[in-house]
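Note sheet for the following structure.
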Amino acid sequence: MKEILIGKNESNQRLDKLLIKYLPNAGKGFLYKMMRKKNITLNGKKCEGNEILNDGDILRIWMADETIAKFSGKAEIRTTGFIPDIIYEDEDILAFNKPAGILSQRASAGDISVNDMLLEYLIASGQVSEEQLKTFRPSICNRLDRNTSGIIVCGKSLKGLQDMASMLKDRSAHKDYIAFVEGEVKAGDRLKGCISKDNRINKVSFDESGDYIETEYKPLWTDGKKSILMVRLITGKTHQIRYHLASTGHPIIGDVKYGNGQGAARQLLHAYRLSFPNGRIITADLPEDMKWELGNPGAFEDLPSKI
């Protein structure tokens with residue numbers, strides 16, 4: 001027999017949804033049969049699966065340990081080999097300064113991602129157990145392209161995931177980026193348009209019937225041949241900054257998809273700041289490759305005062 005105490009990360013969801021997470025190798029029909037036969041009970045009573053779980057509820061699965069183990073599988077925790085650069089952490093969320101070259105989440109089975117780094121850190125620090133991962137799995141709240149560096153926020157709790165999802169959806173949390181672009185940019189602008197994505201080539205383009213995008217930027221520095229911009233996402237769509245800036249004739253330096261790919265080993269785009277409606281601000285230091293690619297690291301010494 002297995003007894004599960006419902007906590008804050010498992011509450012406010014249907015019982016059958018939790019059972020599917022906990023016993024992913026058992027079919028839905030089998031789970032409903034076990035509930036009808038009272039092999040699965042909620043607070044000592046027969047259940048149907050559509051009950052909404054509350055904090056403090058007790059779920060009991062009256063099966064042999066071997067059977068439960070067969071149906072539950074094992075949570076995969078991957079050793080990444082990375083020491084995470086944690087720039088903010090509280091009870092519900094955690095923010096990494098993601099290095100370029102790391103995926104936000106896996107694209108294939110052999111990938112290493114920020115999600116893997118998150119789970120590895122939480123287990124190593126004793127904040128979560130492999131058993132707890134069967135009913136709730138912490139995850140990233142926003143994504144960055146593989147070769148974009150900077151802030152990725154992760155939800156450690158269900159509340160953290162839900163709160164961040166709400167703030168990002170209603171745009172009450174503001175995301176600001178630092179972009180190194182080709183050419184001289186003397187004045188800021190607010191760009192608007194609609195784009196759609198061609199999944200075959202993983203590339204976006206303007207399309208009047210597509211998703212609306214809005215991007216704001218202002219110049220921080222220029223030497224006449226290249227510029228540093230502060231970019232604020234008003235909306236947040238795939239490749240939005242990269243495509244919008246390229247459409248102005250100022251593609252991001254090193255961007256092989258929307259620019260000429262020259263001038264840097266990767267696109268010089270960094271998620272620099274995340275501002276919350278309660279006044280909290282998280283910032284992520286620029287990586288060394290961005291400081292040195294322009295050959296003028298001193299240009300960044302007073303960067304915070306310009307932003």
Exercise. For T238 and Y243, run side chain to side chain contact (heavy atoms under 4.5 Å, CB included): C-alpha distance rounded to whole Å, both residues' side-chain angles, the deciding distance at 0.1 Å, then the answer.
Key: CA-CA 9 Å; T238 300; Y243 184 69; over 6 Å; no
State, to 0.1 Å, how close [X] and [Y] come at their nearest heavy-atom pair, and which atoms those are.
X	Y	answer
S149	L144	O-CD1, 3.7 Å
T79	I112	O-CD1, 4.2 Å
A187	P219	C-CD, 3.7 Å
M1	E3	SD-N, 3.8 Å
I178	M290	O-CE, 3.9 Å
V114	C154	CG1-SG, 4.3 Å

Quiz item: Do Y177 and H270 have ring centroids that are under 6.0 Å from one another?
Solution: no
Within the side chain of [X], is there an N or O that forms a donor-acceptor pair under 3.5 Å with the backbone of [Y]?
X	Y	answer
D90	I93	yes
S166	D163	no
T41	K38	no
S227	V185	yes
T283	Y272	no
N260	Q262	yes
K98	R146	yes
D170	S172	yes

Does the distance from a Lys or Arg side-chain N to an Asp or Glu carboxylate O, for [X] and [Y], drop under 4.0 Å?
X	Y	result
D176	R232	yes
E184	K225	no
E10	K134	no
K156	E89	yes
D289	R266	yes
K257	D255	no

If you round to the nearest 0.5 Å, how far is [atom2] of [Y] from [atom1] of [X]?
X	Y	atom1	atom2	answer
D189	L229	CG	CG	11.0 Å
W62	I68	CH2	CD1	10.5 Å
L15	L18	CG	CG	7.0 Å
E130	S72	CD	OG	11.0 Å
L191	E214	CG	CD	9.0 Å
L31	D16	CG	CG	8.5 Å

Quiz item: Y258 pairs by ring-ring contact (aromatic ring centres under 6.0 Å, His included) with which of H239, H244, H250?
Solution: H239
Do [X] and [Y] land in one hydrophobic cluster if side-chain heavy atoms of ILVMFWY residues count as linked below 4.5 Å?
X	Y	answer
I140	I282	no
L42	Y32	yes
F71	L59	yes
F82	I152	yes
F276	L168	yes

Practice problem: Quick one: do E91 and S157 satisfy side chain to side chain donor-acceptor pair (under 3.5 Å)? Show the steps, please. | Solution: CA-CA 8 Å; E91 183 180 0; S157 68; over 6 Å; no
Exercise. Tell me, with the steps shown, if E120 and T80 meet side chain to side chain donor-acceptor pair (under 3.5 Å).
Key: CA-CA 8 Å; E120 183 181 34; T80 66; 2.6 Å; yes
Would you find more than 12 non-hydrogen atoms of other residues, nucleotides or ligands less than 6.0 Å from [X] atom [atom1]?
X	atom1	answer
I83	CD1	no
R60	CZ	yes
D285	CG	no

Quiz item: So M117 and I102, side chain to side chain contact (heavy atoms under 4.5 Å, CB included) or not? Walk me through it.
Solution: CA-CA 10 Å; M117 295 166 62; I102 301 296; 4.2 Å; yes
Quiz item: Given the rule in the side chain to side chain contact (heavy atoms under 4.5 Å, CB included) test, do V153 and L94 qualify, once you have shown the distances and angles that lead to the verdict?
Solution: CA-CA 6 Å; V153 179; L94 178 151; over 6 Å; no
Quiz prompt | S113 and its side chain to side chain donor-acceptor pair (under 3.5 Å) partner, picked from D111, N115, D116 | solution = D116
Does one side chain, of [X] or [Y], offer a donor that lies under 3.5 Å from an acceptor on the other?
X	Y	value
K70	N25	no
E131	S129	no
Y217	R190	no

Exercise. Check step by step if side chain to side chain contact (heavy atoms under 4.5 Å, CB included) holds for D211 and S196.
Key: CA-CA 6 Å; D211 294 324; S196 61; over 6 Å; no
